[in-house]
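Beneath this line is the structure, given in structure tokens, with notes to follow.
By convention here, the first residue in the shown sequence is residue 1.
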Amino acid sequence: MSKEKFIDPSVLATIKDLPLLARTVVEGFLAGQNQSLRRGAGLEFSQYRSYQPGDDLRQLDWKMFARSDRYYIREAEVDTNITVRFVVDGSASMAHEDTNGLRKMDYARFLVASLAYLASLQGDAVGLYVLHEEQLINLTPRSDNMHLQRFWHQLSEVEPQGKFPDTQAANNLLSDRRQKELTVFLTDLYEQEDEITNLLYKLGAQRHELLLFHLMARNELDFSYSGTLTFEDLETGRTLQVSTSEQRKSYLERLQEWLQQTERDMRSRQIAYDRFTTDEPLDKALRTFLQKRLLYG
């Protein structure tokens, strides 16, 4: 099976066991990254060797990846463990379904499960926070295997509902911060009164690394609808009848303006912004996470 098959979201949707999905994604991704490995100058191969499928993934050396953009197995453990917090927007808009049948929440689930497995292999503590107005899921970061199993179980049970909580409620949940910490925030940025944006700004001001994964469906980006349709706001229930042919140009122009302004605003506050569509293979997100993780050695 090719690397793309390991990380194509429509293929992953056929895997119902979340731990199996996570392992499949990560091991397929790492194997794919090393298909064309060649020895380069300046590397000490008495201490490192190329990653091969079946190797103990806990022995991957992040610093060697930073130097060579390749995955190597190290022979000695290096204590560079950090805390990785995964914050997931659990509001009803995350139930939006793309043309491939995947909801935004499904894509977020695949990503978080895989990234948490990747982090845990390095010995990092992982925590899960799912935010919507009905319930706030708070799984405090830990690094043992039983915790990872609970992490996957909680993640598999998440269903989008309601609105995003107010900033104060969400901020209280995330008040216990640690010294070496990376926060990965997954959201579609659909909000009523800037509640998600304000929370992101507060998190960014705490001087921990913050990685924003902005999730969108392909049919949102392309407005791939035809005829006169009635659209429903999944969070408020409001409906709007739209002639798609008349509104397409205006919608796409306004969408691009909003996306560009959002990215500028986030980057101006030192928030690492990346956008992903729900038909996009997961390798881009895995690589983005790895590059940010490398800041800690």
Side-chain angles (χ1 to χ4, degrees), residues 85-98 103-109 111-112 127-139 158-177 183-217 219-221 223 225 229-242 247 250-278:
R85 294 175 183 261
F86 294 95
V87 182
V88 180
D89 177 357
S91 62
S93 64
M94 294 289 283
H96 177 86
E97 186 174 303
D98 206 345
R103 303 175 303 168
K104 294 175 185 174
M105 181 57 73
D106 298 325
Y107 193 84
R109 201 188 324 271
L111 269 183
V112 173
L128 177 64
Y129 305 81
V130 182
L131 308 180
H132 58 72
E133 64 180 351
E134 301 297 328
Q135 182 182 10
L136 303 178
I137 294 177
N138 178 359
L139 195 59
V158 172
E159 284 298 326
Q161 56 184 300
K163 301 176 183 178
F164 197 85
D166 62 68
T167 304
Q168 187 58 48
N171 200 46
N172 289 340
L173 187 67
L174 300 169
S175 60
D176 179 25
R177 311 304 299 277
T183 298
V184 184
F185 199 123
L186 298 94
T187 176
D188 61 359
L189 288 176
Y190 182 85
E191 53 191 353
Q192 305 297 319
E193 298 179 355
D194 296 327
E195 59 275 7
I196 300 177
T197 300
N198 289 337
L199 177 59
L200 283 164
Y201 289 170
K202 286 188 176 182
L203 292 175
Q206 294 180 353
R207 301 194 178 187
H208 292 283
E209 292 296 330
L210 177 58
L211 184 55
L212 171 59
F213 283 3
H214 183 190
L215 306 184
M216 295 197 68
N219 53 17
E220 286 182 304
L221 279 173
F223 201 67
Y225 302 99
L229 301 175
T230 299
F231 291 88
E232 179 183 359
D233 186 317
L234 293 173
E235 297 190 6
T236 67
R238 292 195 298 264
T239 59
L240 179 67
Q241 191 173 65
V242 174
Q247 297 298 322
S250 173
Y251 168 86
L252 292 175
E253 289 176 350
R254 293 175 63 185
L255 175 63
Q256 287 305 311
E257 289 175 3
W258 175 69
L259 289 174
Q260 292 169 14
Q261 186 61 52
T262 297
E263 182 170 359
R264 285 195 296 268
D265 290 344
M266 294 300 167
R267 294 191 184 280
S268 71
R269 293 175 178 262
Q270 307 305 308
I271 298 172
Y273 173 95
D274 283 278
R275 186 168 64 248
F276 302 90
T277 57
T278 51

Are [X] and [Y] side-chain neighbours, meaning at least one heavy-atom pair lies under 4.5 Å?
| X | Y | value |
| --- | --- | --- |
| T236 | Q192 | yes |
| Y225 | V242 | no |
| E209 | T183 | no |
| F185 | F213 | no |
| I137 | V158 | yes |
| H214 | D274 | no |
| V88 | Y129 | no |

I need the [X] [atom1] to [Y] [atom2] distance, nearest 0.5 Å.
| X | Y | atom1 | atom2 | result |
| --- | --- | --- | --- | --- |
| M94 | F164 | CE | CZ | 10.0 Å |
| E263 | L212 | CD | CG | 10.0 Å |
| L215 | R103 | CG | CZ | 13.0 Å |
| Q161 | E235 | CD | CD | 11.0 Å |
| Y201 | R269 | OH | CZ | 4.5 Å |
| L131 | I196 | CG | CD1 | 9.0 Å |

Quick check: closest heavy atoms across [X] and [Y], and the distance to 0.1 Å?
| X | Y | value |
| --- | --- | --- |
| A95 | P160 | CB-CG, 3.6 Å |
| L186 | V112 | CD1-CG2, 3.5 Å |
| H96 | A217 | CD2-CB, 3.4 Å |

Inset, instruction - Could you walk me through whether M216 and D188 pass side-chain contact (heavy atoms from CB on, under 4.5 Å), step by step? - result: CA-CA 6 Å; M216 295 197 68; D188 61 359; 5.7 Å; no
Is there a donor-acceptor pair under 3.5 Å between the side chain of [X] and the backbone N or O of [Y]?
| X | Y | answer |
| --- | --- | --- |
| H132 | G162 | no |
| S250 | Q247 | no |
| R275 | L259 | no |

Inset, instruction - Decide yes or no on side-chain contact (heavy atoms from CB on, under 4.5 Å) for L221 and L255, but give the supporting numbers first. - result: CA-CA 8 Å; L221 279 173; L255 175 63; 4.1 Å; yes
Inset, instruction - Inspect the contact between K163 and E193 and indicate whether a charged nitrogen and a carboxylate oxygen are less than 4.0 angstrom apart. - result: no
Legend entry - side-chain hydrogen bond (donor to acceptor under 3.5 Å, both in side chains) assessment of T239 paired with E232: CA-CA 4 Å; T239 59; E232 179 183 359; over 6 Å; no
Inset, instruction - Any chance you could lay out the side-chain hydrogen bond (donor to acceptor under 3.5 Å, both in side chains) test for E191 and T197, step after step, and finish with the verdict? - result: CA-CA 8 Å; E191 53 191 353; T197 300; 2.7 Å; yes
Inset, instruction - Would you please test Y251 and E220 for side-chain contact (heavy atoms from CB on, under 4.5 Å) and show each step? - result: CA-CA 10 Å; Y251 168 86; E220 286 182 304; 4.1 Å; yes
Inset, instruction - Mind checking side-chain hydrogen bond (donor to acceptor under 3.5 Å, both in side chains) for Y190 and listing every partner two or more places apart, or none if nothing turns up? - result: D233
Inset, instruction - Kindly confirm or rule out a cation-pi arrangement of R267 over Y273, judged by NZ or CZ under 6.0 Å from the six-membered ring centre and within 45° of its axis? - result: no
